[in-house]
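Since this is a predicted model, take the numbers as computed values, not measurements. Here is the naming used below: chain letters follow the sequence lines, and residue numbers restart at 1 for every chain.
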Amino acid sequence: GQQVMQIPQYQHVQEGEDFTTYCNSSTTLSNIQWYKQRPGGHPVFLIQLVKSGEVKKQKRLTFQFGEAKKNSSLHITATQTTDVGTYFCAGPGANNLFFGTGTRLTVIP
Amino acid sequence: EAGVTQSPTHLIKTRGQQVTLRCSPISGHTSVYWYQQALGLGLQFLLWYDEGEERNRGNFPPRFSGRQFPNYSSELNVNALELEDSALYLCASSFGGFTYEQYFGPGTRLTVT
């Protein structure tokens with residue numbers, strides 16, 4: 001069945017360092033969505049990518065959708081303590097939204 | 001605009017009991033989704049309702065059930081509670097279908113003792 005995997009599972013960075021999480025799907029996706037869940041909070045929608053090779057930026061966050069529409073990445077430049085949380089990618093199937101396993105980011109001040 | 005709301009916030013139940021969780025979607029959204037998130041883990045898809053119909057369910061036993069009302073609000077029922085049902089239950093809403101982004105409620109933290 002369809003699977004969406006993310007690596008790494010955990011990432012600890014010093015404040016100011018960059019961070020990247022990678023998402024890989026076993027099947028081609030019509031789109032990829034990214035969510036952020038702060039500790040003790042609920043997932044919050046960040047962005048959706050639709051086109052092959054698409055790149056979108058939100059301030060220090062850069063999102064990419066692979067050419068084959070099977071992988072994606074989220075890159076954070078110069079992390080801040082406000083970036084802490086778990087980042088999930090998600091890809092739609094026929095009757096489900098398959099969430100990745102998530103990458104938990106810790107930022108050390 | 002009001003976001004997705006869920007009630008109650010927290011719940012403590014005893015093994016074998018039954019529980020009902022409630023969710024009100026964002027106005028205009030017809031789809032409601034339920035997820036289970038065990039402590040520190042990922043999101044496990046439970047149920048999807050759209051236009052009052054159950055469209056899909058995840059790999060959970062039949063004691064997990066629910067419904068969607070004409071105003072698109074939804075209930076999740078869990079019967080014969082087991083200890084491993086302790087988790088955060090998240091409701092999300094969207095326009096119909098999985099190509100749309102989902103907006104999550106704050107969740108209901110269920111503890112089964």
| said: How close do Leu90(B) and Pro43(A) get, counting heavy atoms only, and between which atoms? | reply: CD1-CD, 3.8 Å
| said: Run the ring-ring contact (aromatic ring centres under 6.0 Å, His included) test on Phe99(A) and Phe45(B) for me, step by step, so that the C-alpha distance in whole Å, both residues' side-chain angles and the decisive distance to 0.1 Å come before the verdict. | reply: CA-CA 9 Å; Phe99(A) 279 85; Phe45(B) 168 71; 9.5 Å; no
| query | If you measure from CG on Asn96(A) to CZ on Arg55(B), what distance do you get to the nearest 0.5 Å? | reply | 15.0 Å
| message | If you count every heavy atom of other residues, nucleotides or ligands that lies below 6.0 Å from Leu39(B) atom CG, does the total exceed 12? | response | no
| Would you say Tyr22(A) has more than 12 foreign heavy atoms packed within less than 6.0 Å of its OH? | no
| Is there a side-chain contact between Gln37(A) and Gln37(B) (heavy atoms, below 4.5 Å)? | yes
| said: Check for me, please, whether Tyr89(B) and Val32(B) land in the same ILVMFWY cluster - side-chain distances under 4.5 Å, paths through other members count. | reply: yes
| request: Determine whether more than 12 heavy atoms belonging to other residues, nucleotides or ligands lie under 6.0 Å from atom CG of Asn71(B). | output: yes
| said: Nearest 0.5 angstrom please: Leu46(A) CG to Glu101(B) CD, how far? | reply: 11.0 Å
| request: Answer yes or no: does atom CZ of Arg63(B) have more than 12 heavy-atom neighbours from other residues, nucleotides or ligands under 6.0 Å? | output: yes
| task | Could you tell me which portion of Tyr35(B) (side chain, backbone, both or neither) has an atom closer than 4.5 angstrom to a non-hydrogen atom of chain A? | result | side chain
| Quick check: are there more than 12 heavy atoms from other residues, nucleotides or ligands sitting under 6.0 Å from CD1 of Ile12(B)? | no
| request: Flag yes if more than 12 heavy atoms outside Arg60(A) fall under 6.0 Å of its CZ atom; otherwise flag no. | output: yes
| Residues from residues 103-113 of chain B approaching chain A under 4.5 Å (heavy atoms) | Tyr103(B), Phe104(B), Gly105(B), Pro106(B)
| Leu49(A) and Phe45(A): same hydrophobic cluster, using ILVMFWY side-chain contacts below 4.5 Å? | no
| field | Rounded distance [0.5 Å steps], CD in Gln33(A) versus OG in Ser94(B) | value | 8.5 Å
| message | Taking side chain as everything from C-beta outward and backbone as N, CA, C, O, which of these in Gln44(B) sits under 4.5 Å from a heavy atom of chain A? Side chain, backbone, both or neither. | response | neither
| note | Honestly, the part of Phe88(A) sitting under 4.5 Å from a heavy atom of chain B is side chain
| Check: Asn95(A) side chain, Asn56(B) main-chain N or O, donor-acceptor pair, under 3.5 Å | no
| task | Using the rule that two of Ile, Leu, Val, Met, Phe, Trp, Tyr join whenever any of their side-chain heavy atoms come within less than 4.5 Å, decide whether Trp34(A) and Leu29(A) are in one cluster. | result | yes
| task | Consider only side-chain heavy atoms of I, L, V, M, F, W and Y, link residues closer than 4.5 Å, and tell whether Phe98(A) and Trp48(B) are in one cluster. | result | no
| said: Any side-chain to backbone donor/acceptor pair from Tyr35(A) onto Gln102(B)? Under 3.5 Å, distance only. | reply: yes
| said: Would you say that more than 12 heavy atoms from the other residues, nucleotides or ligands in this model lie under 6.0 Å from the CZ of Phe60(B), or not? | reply: yes
